[in-house]
Amino acid sequence: MSTRQLVVVGNGMVGQRLVEAVRQRDPQRRWRITVFGEEPRPAYDRVALTSYLTGTTEEELRLVQDGCYDDGCELVLDEAVVEIDRAARRVRTSAGRELAYDALVLATGSRPFVPPVPGADLDGCFVYRTIDDLDAIRDRASSVTSGVVVGGGLLGLEAANALLALGLDASVVEFAPRLMPAQIDRGGGEVLRRKVEALGLTARLDTATERIEAVDGGLRLTFADGSDLDTGMVVFSAGIRPRDELARSAGLAVGERGGIVVDEACRTSDPAIWAIGECALAGGRVYGLVAPGYEMAEVVADRLLDGDAAFAEADLSTKLKLLGVDVASFGDAHAATPDALEVVYADPVGGVYKKLVVTDDASRLLGGVLVGDASAYAALRTMVGQPLTDTPEQLLLAGPSTSDLGDDAQVCSCQNVSAGAIRAAIHDEGCADVGAVKACTRAGTVCGSCVPLLKTLLTQSGVEANPALCEHFDVGRAELFDIVRVTGLRTFSELIARHGRGRGCDICKPVVASILASLGTGHVLDGEQATLQDTNDAFLANIQRNGTYSVVPRVPGGELTPEGLIAIGEVARDFGLYSKITGGQRIDLLGARVEQLPAIWKRLVDAGFESGHAYGKALRTVKSCVGSTWCRYGVQDSTSLAIMLELRYRGLRAPHKIKAGVSGCARECAEARSKDVGIIASENGWNLYVGGNGGFRPRHAELFASDLSTAELVALVDRFLMFYVRTADRLQRTAAWIEALSDEHGDGLAYLRRVLVDDSLGLTAELEAAMEAHVGAYTDEWAAVLDDEEKLSRFVSFVNAPDAPDPSIKFELERGQIRPVVAGPTLEVVRR
Amino acid sequence: MTVIDVRLWTVVCSYDRLPPERGVAALVGDAQVAVFRTFGGDVFALDNRDPFSGAYVLSRGIVGSRGAEPTVASPLHKQVFSLVTGECLDEPGVAVPVYEVRVRDGDVEVAVP
Ligand code: SRM
Ligand SMILES: Cc1cc2nc3c(=O)[nH]c(=O)nc-3n(C[C@H](O)[C@H](O)[C@H](O)COP(=O)(O)OP(=O)(O)OC[C@H]3O[C@@H](n4cnc5c(N)ncnc54)[C@H](O)[C@@H]3O)c2cc1C
Ligand code: SF4
Ligand code: FES
C-alpha cells in the first residue's frame with residue numbers, strides 16, 4: 001500500500017479538525033499530511049477569541065495537542081500557499097517551496113469584510129479575527145478612551161463587549177434597523193438593544209458610515225445623515241467574506257458572492273481538491289459557524305479514507321452571552337416556512353423576549369428566538385422538527401421537559417453529538433461528570449451552551465455527582481448555607497436533628513462550623529462550635545507532623561517594624577521555636593507544644609500582634625509590593641491598600657482559604673494574579689482580577705473590572721467574597737468555583753459580573769451588608785482565648801497533668817535550630 | 001484455675017471536665033490515653049497515639065459517627081477510628097488499643113493494663 005500525500009491549506013479551527021479526523025481514521029498512516037498555515041501560530045480556538053483579552057492565554061486557546069504532528073504529519077507555520085498548479089498537482093508557498101499532492105484540502109476560512117468606506121484603512125482602524133488583531137486592538141486601547149464597532153451583528157457585539165472590557169466607552173453602529181439582524185427578529189432586537197444600552201454600550205441603528213477621517217488624536221466617523229462621532233479607534237465587524245482567492249486563481253468554481261463551490265462530499269470542481277469550513281460554499285451557502293465546518297472536516301476525512309459520508313444542511317442555531325445578555329436563535333427563527341405561526345412572549349421591562357415558530361397546525365416546532373432568558377435553548381433546539389410535547393405557550397413559559405429527549409436528538413450542535421452518544425458515554429464508558437463526558441464525546445467543548453443538557457442527562461442516568469456532603473447530610477454546602485441562613489438554626493445539634501442524621505463527621509462538622517462563623521455566631525470555640533472545628537481551628541494554630549503547632553503572626557501586607565521583628569524574634573528565642581520566612585510574607589514559628597500556645601499569643605498580643613490564620617479556611621494573607629511610596633515604577637500605594645484589605649477581611653471563614661495580593665504596577669511583584677483576589681494598580685485606579693491560585697493546578701486570576709476607585713474596589717471585593725462564601729462548594733477555591741459557575745451559566749465570569757456588578761439577582765446590597773457585619777464583629781480570636789478560663793482549659797498537654805510536656809515530642813538541632821525527631825516507622829499494624 | 005481480675009483504675013478528671021463530642025488526653029503511668037464523651041453521654045478511651053503519623057494526637061480529633069458507630073477522626077490525616085473497638089474504619093487491619101473506662105462518683109476512671 002503506497003502512501004499518498006495530503007496537503008491542507010490553512011491551520012484554522014476546521015483545518016485542524018480535518019487533520020485530527022484523518023489521523024483518527026487512518027491508523028495505518030495511508031496519508032502523509034502537510035499543513036500550511038499563514039498565521040504564525042498553530043490553530044487556536046477562534047470561537048473563544050475574545051477571552052484572550054480578558055486573560056485567557058494563547059497556550060490555553062491552542063487546539064493542537066502535543067504529538068499531533070509527528071510521524072508522517074507536518075505543520076508548517078507562517079507560510080501561505082500562494083499558487084495551485086492543478087495540472088501538476090503541486091502547490092507553491094510564500095517561501096518558494098513546492099510540494100506535490102494527491103489530495104488538496106482548502107481550509108482557508110474567511111476574512112472580515114471591511115466596507116469600502118473612505119478612511120477605513122487609517123491608523124486606528126482594526127478588524128477582529130486573529131490573535132494578532134486582538135494584540136493590535138489591545139495596544140491601541142491602552143492609549144484611547146473610546147471605540148466604535150461598525151457592525152451590530154453577533155461578532156460586532158462581541159467586539160464591542162471586548163472594548164468595554166478593555167475599559168473603553170464603546171458604541172456600535174449598525175446599518176440595519178436592529179441588532180443582530182441575521183439571527184433575531186425585530187422584537188428580539190429591541191429587547192437586546194435596551195439591555196445592552198443599560199449595560200453601557202451605545203447602539204446607533206439604521207446608520208450608514210460614509211467616511212472616516214483622522215482628527216486631532218483620534219478618528220471621526222461621518223454618517224449618511226450628516227451627523228458625526230469622534231472616537232479613539234474603529235473596529236470593523238461588518239460580516240465575513242470567504243477566502244477563495246487561491247481557488248479563484250486556480251480556476252476552481254466559486255460562487256457569485258464568493259465561496260468555493262463544493263458538492264455534498266465537499267469536493268470542489270476539481271476532484272482532487274476539497275474545500276471545508278468558512279471558505280466553502282456548500283448547498284449554496286457559506287457557513288460562518290464552526291459546527292458546520294467540523295461536519296465538513298469529518299465528511300472529507302471519511303471520503304479520503306474511502307467512505308461515503310455526505311454534508312447535509314447544517315443547523316444555524318446560535319446562542320451567546322453578550323454583555324451578560326443571553327441571546328439565542330434556532331431553526332427557522334425568521335418564520336420563513338410557509339404558513340408558519342409565531343408565538344411571542346415579550347416583557348420589555350424585564351428584558352425578556354421569546355418567540356417560537358411552529359407549523360400552522362401548531363403540531364411541530366420549527367425554530368425560535370430567545371433574548372434575555374435562553375435557559376430553554378439547549379432543549380428547545382433538540383426539538384426542532386419534532387412533534388410538540390406541550391402547547392407552544394406552555395413551552396415558552398415553562399420551558400420543555402428534557403426527560404423524553406430521544407437518542408437521536410442532537411444535544412451538542414457544535415460537535416454534532418446526539419443524546420444517544422452521550423448516554424452511551426455515561427453507561428458504557430463510565431463518564432460520571434460533565435468533564436468526563438466532554439473529554440469522551442467532545443460535546444460541550446466549543447460554545448458550551450449544551451452543558452446544562454449534559455448535566456440533565458447525567459442526572460437522569462443517576463450518575464451525576466451526588467451533592468450530598470457526607471452520610472450525615474443529603475445537601476451540599478451552598479444549600480446547607482441557605483438552610484442555616486433561612487431557618488435561623490444556629491447549632492449543629494439542631495441542624496443535624498432536623499436536616500441530617502447521626503452525629504456528624506470530619507467533613508460536615510467543619511462545614512457547619514464555617515457556615516456558622518460566616519454568619520457571625522461568636523467565637524469559634526464557643527460552646528458546641530468548638531467540637532465542630534477542624535484540626536487547626538480547634539487549637540487556633542497549625543498542627544505539625546509531631547503534634548506540635550506553628551504560630552504565624554499576622555503581618556498585614558507584609559509590613560513589619562523593626563520593633564515588631566525583634567518582638568517576634570524574642571518569642572521564637574524564648575520558646576525555643578524554629579523560625580522561617582513563609583511563602584506568604586510572614587514569619588512562621590514552629591514547634592510549639594499545645595500548652596505553650598496561650599503564653600506565646602500573650603507575648604504577641606503584648607507586642608501589638610495577633611496570631612494569624614496560616615490555617616483555617618479563611619483569609620490568609622494579602623501580599624503586597626512596596627508600591628508607589630518607594631518604588632520608582634509604582635503608580636498607586638499598594639502597601640496601604642493591602643494592609644487595609646487584610647485588616648478588613650481577616651477572620652472571614654470561607655469554603656476554602658482565600659489569598660489576595662496587591663501590586664503597585666503592572667510589573668506585578670506581589671504576584672497578585674496568582675491569588676483568589678488580585679489587584680494591580682493602573683494609572684487610573686485599580687484593576688481587579690479574580691480566581692487565581694498556585695497549588696496543585698496553578699491558575700492566573702482573570703480581569704474582572706478595571707480602573708476602580710478604592711471605594712468601588714472594596715465594594716466589589718466585598719460582594720465577590722460574600723457570594724463565594726455563600727455559594728461555593730466545600731474545599732472549592734475561587735477558580736474552581738468560577739469554573740463550576742461556567743458549567744452552569746455559560747461564562748462564569750460574565751455571570752459574576754451580572755450578579756455582582758449589574759445586580760441581576762438583587763443581592764449586592766445584602767452581600768455588602770453581610771461583609772460589613774463581619775468586619776464590624778471581628779475580634780482577635782487568639783486574644784479572646786486568653787480572657788476565657790473555659791477555653792484556656794483546653795490548651796493543656798494532659799487533663800490530669802496540665803504542665804507535663806508530651807514526652808513523645810523530641811527535637812534535635814539542625815543549622816542552629818530545632819527540628820522534630822521522627823520516631824522510627826510510623827505505621828504500626830495491630831491485628832485483633 | 002482462678003483468674004484474679006486485677007485492674008488498676010486511675011481517676012483522670014471529673015466527668016464535667018469532658019464536654020460532649022470532645023476528647024482530652026490523660027497521662028496514666030507511661031501511657032497516653034485519649035478519653036472521649038459522646039453526644040449521648042457515653043465515655044470511651046483509646047490510646048492517644050495516631051498509628052499513621054506516630055504523633056500523640058487522637059484526643060484532638062473530631063468526634064462523630066459512622067452509621068451507628070461512634071468515631072474519632074485523626075486530626076493529622078483524617079483516618080476514622082471506632083471509639084468502641086479502636087479499629088480504623090478507613091484502613092482495614094489498623095487499630096489502636098482500647099482502654100477500659102468508667103464513670104464513678106462523677107469521676108472518669110481509666111484502667112491501663
Ligand atoms: C507555611 C507555608 C510554607 C512556608 O514555609 O512558606 C505553607 C504551609 C502550608 N500550606 Fe501552603 N504554605 C504557605 C504558602 C503557600 C503558598 C504561597 C503563597 O501563599 O503565596 C501557596 C500557593 C498559593 C496558593 O495557595 O494558591 C500554598 C499552597 C498550598 C496548598 C494548595 C492550594 C491549592 O489551591 O491547590 C495547600 C493545600 C490546601 O490548602 O488544601 C497548602 C497547605 C498548607 C498547609 C496548611 C498544609 C497543612 O495542612 O499542614 C501547610 C501548613 C502551614 C503551617 O503548618 O504553618 N498550601 N501555600 C506558607 C504559609 C504562608 C503564610 O504566611 O500564610
Ligand atoms: C471573535 C469570533 C467569535 C466567533 N464566535 C463563534 C461562535 O460563538 N460560534 C461559532 O460557531 N463560530 C464562531 N466564530 C466563527 C468561527 O471562528 C469560524 O467559523 C471558524 O474559525 C472557521 O474555521 P475555519 O478553519 O474555516 O477558518 P479559520 O479558523 O479562519 O482558519 C483559516 C486559517 O487559514 C489560514 N489561511 C488562509 N489562507 C491561507 C493560505 N493561502 N495559506 C495558508 N493559510 C491560509 C488563515 O490565516 C487562518 O489561520 C467566531 C469567530 C470570531 C472571529
Ligand atoms: S509591582 Fe510595580 S510598584 Fe510594585 S514593586 Fe513591582 S515594579 Fe514596583
Ligand atoms: S452546542 Fe456548542 S459546545 Fe455543545
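Quick note on labels: first sequence line is chain A, next is B, and so on, each numbered from 1.
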Does the pair B:V57 and A:I543 meet the rule for a side-chain contact (heavy atoms from CB on, under 4.5 Å), with working shown? CA-CA 10 Å; B:V57 294; A:I543 199 166; 4.1 Å; yes
Please lay out, stage by stage, how A:D506 and B:V80 fare under the test side-chain contact (heavy atoms from CB on, under 4.5 Å). CA-CA 9 Å; A:D506 56 295; B:V80 171; 3.9 Å; yes
Return a table of donor-acceptor pairs under 3.5 angstrom between the side chains of residues 16-27 of chain B and protein atoms on other chains or two or more places apart.
| unit_1 | atom_1 | unit_2 | atom_2 | d |
| --- | --- | --- | --- | --- |
| B:R17 | NH2 | A:S793 | O | 2.8 |
| B:E21 | OE1 | A:R503 | NH2 | 3.0 |
| B:E21 | OE1 | A:K509 | NZ | 2.8 |
| B:E21 | OE2 | A:R503 | NE | 2.7 |
| B:E21 | OE2 | A:R503 | NH2 | 3.4 |

Heavy atoms only, distances under 4.5 angstrom: which of A:T531, A:V799, A:V594, A:T548 has the most pairs with chain B? Name it, please. A:V799
A:L532 versus chain B, the contacting section by heavy-atom distance below 4.5 Å: backbone
Looking only at heavy atoms and a cut-off of under 4.5 Å, which of B:G64, B:C88, B:A68 has the most pairs with chain A? B:G64
Going by the rule salt bridge (charged side-chain N to carboxylate O under 4.0 Å, His left out), which residues pair with A:R730 if we only count those two or more places apart in sequence or in a different chain? none
Select one option (side chain, backbone, both, neither) describing which atoms of A:Q533 are under 4.5 Å from chain B's heavy atoms. backbone
Crowding at CD, A:E789 (>12 non-hydrogen neighbours, <6.0 Å): no
Greatest number of non-hydrogen atom pairs under 4.5 angstrom with chain A, of B:V12, B:D30, B:N48, B:V33, falls to B:V12
Of the non-hydrogen atoms in B:S65 and A:H472, which two are nearest, and what is the gap between them? O-NE2, 2.9 Å
Considering heavy atoms only, which positions within residues 69-78 of chain B lie below 4.5 Å of chain A? B:A73, B:P75, B:L76, B:K78
Is atom CZ of B:R102 surrounded by more than 12 heavy atoms (other residues, nucleotides or ligands) closer than 6.0 Å? yes
Neighbours of chain A found in residues 104-113 of chain B - heavy atoms under 4.5 Å: none
Heavy-atom distance under 4.5 Å to chain B: side chain of A:N546, backbone, both or neither? backbone
Nearest heavy-atom approach of B:A55 to A:G547 is CB-N, 3.9 Å
